[in-house]
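Only one structure is covered here, and it is reproduced in the block below.
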Amino acid sequence: MKVKNIILIGFMGTGKTVVGRHLAALLKYNYLDTDDLIEKTEGLSVSNIFKQKSEGYFRNLESEVILTLVDYEKFIIATGGGIVLRRENVENLKKIGPLVLLSSRPEVIYERLKDDKSRPLLAGNNPLGKTKEILGQRTPIYESAADFEVDTSDISVDEAARQIIKTLGDK
Ligand code: S3P
């Protein structure tokens with residue numbers, strides 16, 4: 001495969017972390033997650049950054065972190081679900097590698113995340129409704145940013161990773 005890096009984009013709970021880690025193992029690439037980088041540099045969890053600072057503060061950190069990745073090679077980079085909301089981020093990410101969109105049906109996302117308290121945007125008493133609402137707003141943005149899409153609703157982590165390798169290999 002000729003790609004320098006692979007960028008995984010998509011909504012929370014679509015498998016960016018698990019598929020990304022598996023993809024990295026299969027390709028012998030490194031794995032990196034923009035949320036992890038932000039948490040390390042800030043010394044705070046993403047939900048605490050949202051609480052103690054603000055969502056806008058977190059979004060600025062996301063834009064800054066992308067700029068530090070331009071010289072990376074052989075990395076699978078999983079990104080936070082909202083990173084594509086700024087067009088400038090999409091443009092900068094495209095300089096690093098192809099953007100692979102992971103998608104899933106809202107009910108599947110809900111099942112995967114229902115016991116997970118680390119997603120501030122889905123906190124509250126109607127997480128499925130929230131998921132549908134945000135997904136509805138973001139789907140066109142995800143789709144226009146992506147080079148191609150893999151729906152992980154009904155396939156295994158291994159199948160998703162191999163589908164990505166096959167599609168990039170054919171390109
Ligand atoms: C967010 C997704 C999260 C994290 C933050 C905001 C979003 O990342 O960046 O909670 O706006 O969709 P994951 O997609 O890795 O859960």
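Indexing begins at 1, ligand by ligand and atom by atom, following the structure's order.
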Partner residues of Arg21 under the salt bridge (charged side-chain N to carboxylate O under 4.0 Å, His left out) criterion, sequence neighbours left out: none
Ligand 1-proximal atoms of Arg138, by part, heavy-atom distance under 4.0 Å: side chain
Gly81, any N or O under 3.5 Å of ligand 1 N or O: yes
Evaluation steps, side chain to side chain donor-acceptor pair (under 3.5 Å), between Ser118 and Ser47: CA-CA 6 Å; Ser118 68; Ser47 46; over 6 Å; no
salt_bridge(Arg86, Glu91) N-O dist < 4.0 Å: no
Subset of ligand 1 atoms that lie under 4.0 Å from at least one heavy atom of Lys16: 13 (P), 14 (O), 15 (O)
Under 4.0 Å to a heavy atom of Val46 - the qualifying atoms of ligand 1, by number: 5 (C), 10 (O)
Minimum-distance protein heavy atom relative to atom 16 (O) of ligand 1: Arg119 NE, 2.5 Å
Contacting atoms of ligand 1, where contact means under 4.0 angstrom from a heavy atom of Arg59: 6 (C), 7 (C), 11 (O)
Distance from atom 7 (C) of ligand 1 to nearest protein heavy atom, with residue and atom: Gly82 N, 3.3 Å
Nearest candidate to atom 3 (C) of ligand 1, where distance is taken over non-hydrogen atoms, out of Thr17, Leu61, Asp35, Ile38: Asp35
4.0 Å heavy-atom contact, Glu39 with ligand 1: no
More than 12 heavy atoms of other groups within 6.0 Å of Asn126 CG: yes
Lys94 atom NZ, neighbour heavy-atom count above 12 within 6.0 Å: yes
Glu62 and Arg59 ion-paired at < 4.0 Å: yes
Atoms in ligand 1 flagged as close to Phe58, the criterion being non-hydrogen separation under 4.0 Å: 9 (O)
For Leu121, atoms of ligand 1 separated by under 4.0 Å from a heavy atom: 7 (C), 11 (O)
Pair Arg105 + Asp151, salt bridge at N-O below 4.0 Å: no
For Pro120, the ligand 1 atoms whose distance to one of its heavy atoms is below 4.0 Å: 10 (O)
For Asp36, salt bridge (charged side-chain N to carboxylate O under 4.0 Å, His left out) partners two or more places apart: none
